[in-house]
Amino acid sequence: MLDLDFIRQNPDRVKKAIRDKNEKADIDSILKMDVTRRQLIQQIDQLRHERKQASEKIARLKKEKKDASDLIQSTKTVGGQIKELEKKLKELNSRFQEQLSWVPNVPAEDVPVGNEKANVEVRQWGQPAKFDFKPLTHWDLGRQLDILDLERATKISGTGFMMLKGAGAQLERALINFMLEIHTGKHGYREISLPFLVNRASMFTTGQLPKLSDDMYRTTEDDFWLIPTGEVPLTNIFQGEVIDRKKLPLNYVAATACFRREAGSYGRETRGINRVHQFTKVELVKFTEPATSFDELEKLTGRVEAILQALGLSYRVIKLATGELSFAGAKTYDLEAWAPGLGRYLEVSSCSNFTDFQARRGNIKFRDQDKKLKFVHTLNGSGLALPRTLICLMETYQQADGSIIIPEVLRPYLGGREMIKS
RNA sequence: GGAAGGGUGGCCGAGUGGUUGAUGGCGCUGGUCUUGAAAAUCAGUGUGGCAGCAAUGUCACCGGGGGUUCGAAUCCCUCCCCUUCCGCCA
């Protein structure tokens, strides 16, 4: 949610943001409603004031055992007017809020304008692995080694679900533990175990609702929503709360399942385990003071890079252009790791600063040095998404005989095991 | 799922229709006292909307929504949440 006052002061900047993000919110309509809304509020407040005065007078008269029936009668009509205007205001307000909820966050100044082509590669780490044989895809490797079974996952659930077996399942678990260990131990993040089903309010805070309603799974009976990312429950930890300034920045990490309908996905995107309906992800979330949030984004990105480097995966850091930013994002770095079998980079992490956009929606505040209540800034980053990390690992560390070497940092989590072979 | 009891300001806790944004206590901030601290004592201490350059004014908020009434924290309806007991259950 944007600050209403900011929209009033900078309508052109907000309109540009909407264009640049390919969104459709109508600022002129919102501002028009805002004017009538404020006029209504003034009228209502004025009438309420009259009624309040009259009521107090009635109370006094009654105490003095005097007749108040005339005043009661005249106040009745005021009450009627108020009720009428209140109804009007309520109706207007709900349309107003609805439209406001479709206004995206404004991109940061240094975000390039445009669509995918305007993305900027910020840096690159490592060299894409070279092979003296034709590298296989993870689905071929997975089938050969009997560690990935897409057919049976489809039988159990449907297309777009995955099943890891034996060393494959263990490798995923090792990765989860390795990442959590680094983030909690070395990077100072606090680990949280969270609900995977959340309510509407939580989905609204982080910005999935109303826009992404069709991309999520939900339970109709209880109106629970299956989280598409750990960001949702993590960020909502402090929904409606005031955080002690001395505790900022707060850093949290959680491994959660993520559920995505991925309606409309097709083709090479969905082959293998690149794009599935359910996957595990280790997620990092930060709550910071406004002044430091962009510095914290750099730090956060660095924490994720540390994982990729430790795993020895070649990657590049992409600063997303405005058209590629999420609805709530002000600035985002995508981390893309090289998958030799697929022959392309895969987005394994996305690190974003949401400035006060989510904090406003979820009413998450802190008290600044002047003891004024301010909204915090929220950030998050995947650290990392498991299936795509597995793809990159399997395809990068494959050998000519179809076996896979396990990166050294993971071996302690796999009982010292050095490779996976059939 | 059934039954009962609850949800009031940072916290505890009064308050069943009339100047109640709300008694009191704790906490917090400042003053007095003290070499200093504690204790004591005095004062202050919510959030948000609207108008205004501001001082300020005004309205709203006692879990959410709706209703009754000239007037609602207080009465009615409804939903949510918490506690206890019963049932079910990994």
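To find a chain, count down the sequence lines: A is the first, B the second, and so on, and within it residues start at 1.
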Can you check the distance between B:C86 and B:G25, where both ends of the measurement are the C1' atom (answer in whole Å)? 38 Å
Please measure how far the C1' atom in B:A73 lies from the corresponding atom in B:G52, and state the result in whole Å. 32 Å
Less than 4.0 angstrom from a charged side-chain N to a carboxylate O is my criterion; do A:Glu151 and A:Arg143 meet it? yes
A:Arg360 atom CZ is separated from B:G48 atom P, nearest whole Å, by 11 Å
Please state the C1' separation for the pair B:A4 and B:G9 - nearest whole angstrom. 29 Å
Length of the line joining A:Asn199:CG and B:G63:C1', which is rounded to integer Å: 15 Å
Is A:Glu109 salt-bridged to A:Arg13, going by a charged N under 4.0 Å from an acidic O? yes
Quick note, A:Lys365 side chain, CB onward, closest among B:U47, B:U19, B:C50 is B:U47
Counting only heavy atoms not in A:Glu23, do more than 12 sit closer than 6.0 Å to its CD atom? yes
Atom pairs under 3.5 Å, N or O on each side, protein against nucleotides 43-46 of chain B: can you list them with distances?
none

Could you tell me if A:Thr378 and A:Gln358 have a donor-acceptor pair between their side chains, going purely by distance under 3.5 Å? yes
Could you give the distance separating B:A22 and B:G57 at their P atoms, to the nearest angstrom? 14 Å
Counting only side-chain N and O atoms of A:Lys76, is one of them less than 4.0 Å from OP1 or OP2 of B:C70? yes
Between B:G48 atom P and A:Ile364 atom CD1, what is the distance in whole Å? 15 Å
Under a 3.5 Å cut-off for both distances, is B:A40 Watson-Crick or wobble paired, and to whom? B:U32
Paired nucleotide for B:U20 [Watson-Crick or G-U wobble; both distances under 3.5 Å]: none
Sort out the partner of B:C88 for me: Watson-Crick or G-U wobble, both distances under 3.5 Å, none otherwise. none
Separation between the P atoms of B:G71 and B:G66, rounded to whole Å: 16 Å
A:Leu384, A:Leu393, A:Ile307 screened by side-chain contact (heavy atoms from CB on, under 4.5 Å) with A:Leu313, the one that passes: A:Leu393
Between B:G18 and B:C28, how many Å separate the two P atoms, rounded to a whole number? 36 Å
Nearest whole Å is fine: how far is B:C79 P from A:Glu221 CD? 15 Å
B:A51 phosphate, OP1 or OP2, under 4.0 Å from A:Arg38 side-chain N/O: yes
Euclidean distance, atom CD1 of residue A:Ile58 to atom P of B:C70 [Å, nearest integer]: 9 Å
Testing the 3.5 Å rule here: is there a donor-acceptor pair between the side chains of A:Glu262 and A:Thr270? no
What are the residues of residues 83-104 of chain A, sorted by number, that bring a heavy atom to within less than 4.0 Å of RNA chain B? A:Lys83, A:Lys90
Going by an N to O cut-off under 4.0 Å, is there a salt bridge joining A:Arg218 and A:Asp223? yes
Please give the nucleotide sitting opposite B:U69 as a Watson-Crick or G-U wobble pair, both distances under 3.5 Å, or none. none
Which residue lies more 5' along RNA chain B, comparing A:Arg37 with A:Leu71 via nearest heavy atoms: A:Arg37
Separation of the C1' atoms in B:U16 and B:C80, to the nearest angstrom: 24 Å
Distance in angstrom units between A:Ile82 CD1 and B:G71 C1', rounded: 11 Å
Considering only NZ, NE, NH1 and NH2 on the basic side and carboxylate oxygens on the acidic side, decide whether A:Arg360 and A:Asp356 come within less than 4.0 Å. yes
C1' gap between B:C81 and B:G65, integer Å: 15 Å
Could you tell me the separation between the CG atom of A:Leu40 and the P atom of B:G49, rounded to a whole number of Å? 18 Å
Look through every strand shown and name the nucleotide pairing with B:C53 as Watson-Crick or G-U wobble, where both distances are under 3.5 Å. none
For B:G10, the Watson-Crick or wobble partner whose two distances fall under 3.5 Å: B:C26
Result for side-chain contact (heavy atoms from CB on, under 4.5 Å) between A:Arg95 and one of A:Gln97, A:Gln99, A:Glu91, A:Glu98 points to A:Glu91
Checking all strands, does A:Ser55 fall into the base, sugar-phosphate, or nothing category for heavy-atom contacts under 4.0 angstrom? base
Pairing partner of B:C61, by Watson-Crick or G-U wobble and under 3.5 Å for both distances, is B:G46
Once you apply the 3.5 Å cut-off to both distances, tell me the Watson-Crick or G-U wobble partner of B:U83, or none. B:A4
A:Asp244 has an atom CG; how far is it from atom C1' of B:C28, in whole Å? 13 Å
For residues A:Thr219 and A:Glu221, is any side-chain donor paired with an opposing acceptor at under 3.5 Å? no
Count the heavy atoms of every other residue, nucleotide or ligand shown that sit under 6.0 Å from NZ of A:Lys15, and state whether that count exceeds 12. yes
Short question: side chain of A:Asp370, backbone of A:Lys372 - any donor-acceptor pair under 3.5 Å? no
Using only heavy-atom distances, determine whether the side chains of A:Thr235 and A:Asn380 contain a donor-acceptor pair under 3.5 Å. no
Dump the pairs, protein N or O against N or O of nucleotides 53-61 of chain B, anything under 3.5 Å, distances to one decimal.
residue	atom	partner	partner atom	Å
B:U58	O3'	A:His49	ND1	2.9
B:C59	OP1	A:His49	ND1	2.6
B:C59	O2'	A:Asp45	OD1	2.9
B:C59	O2'	A:Arg48	NH1	2.9
B:A60	OP2	A:Lys52	NZ	3.4

Mind checking the CG-NZ spacing from A:Asp110 to A:Lys319? Nearest 0.5 Å is all I need. 4.0 Å
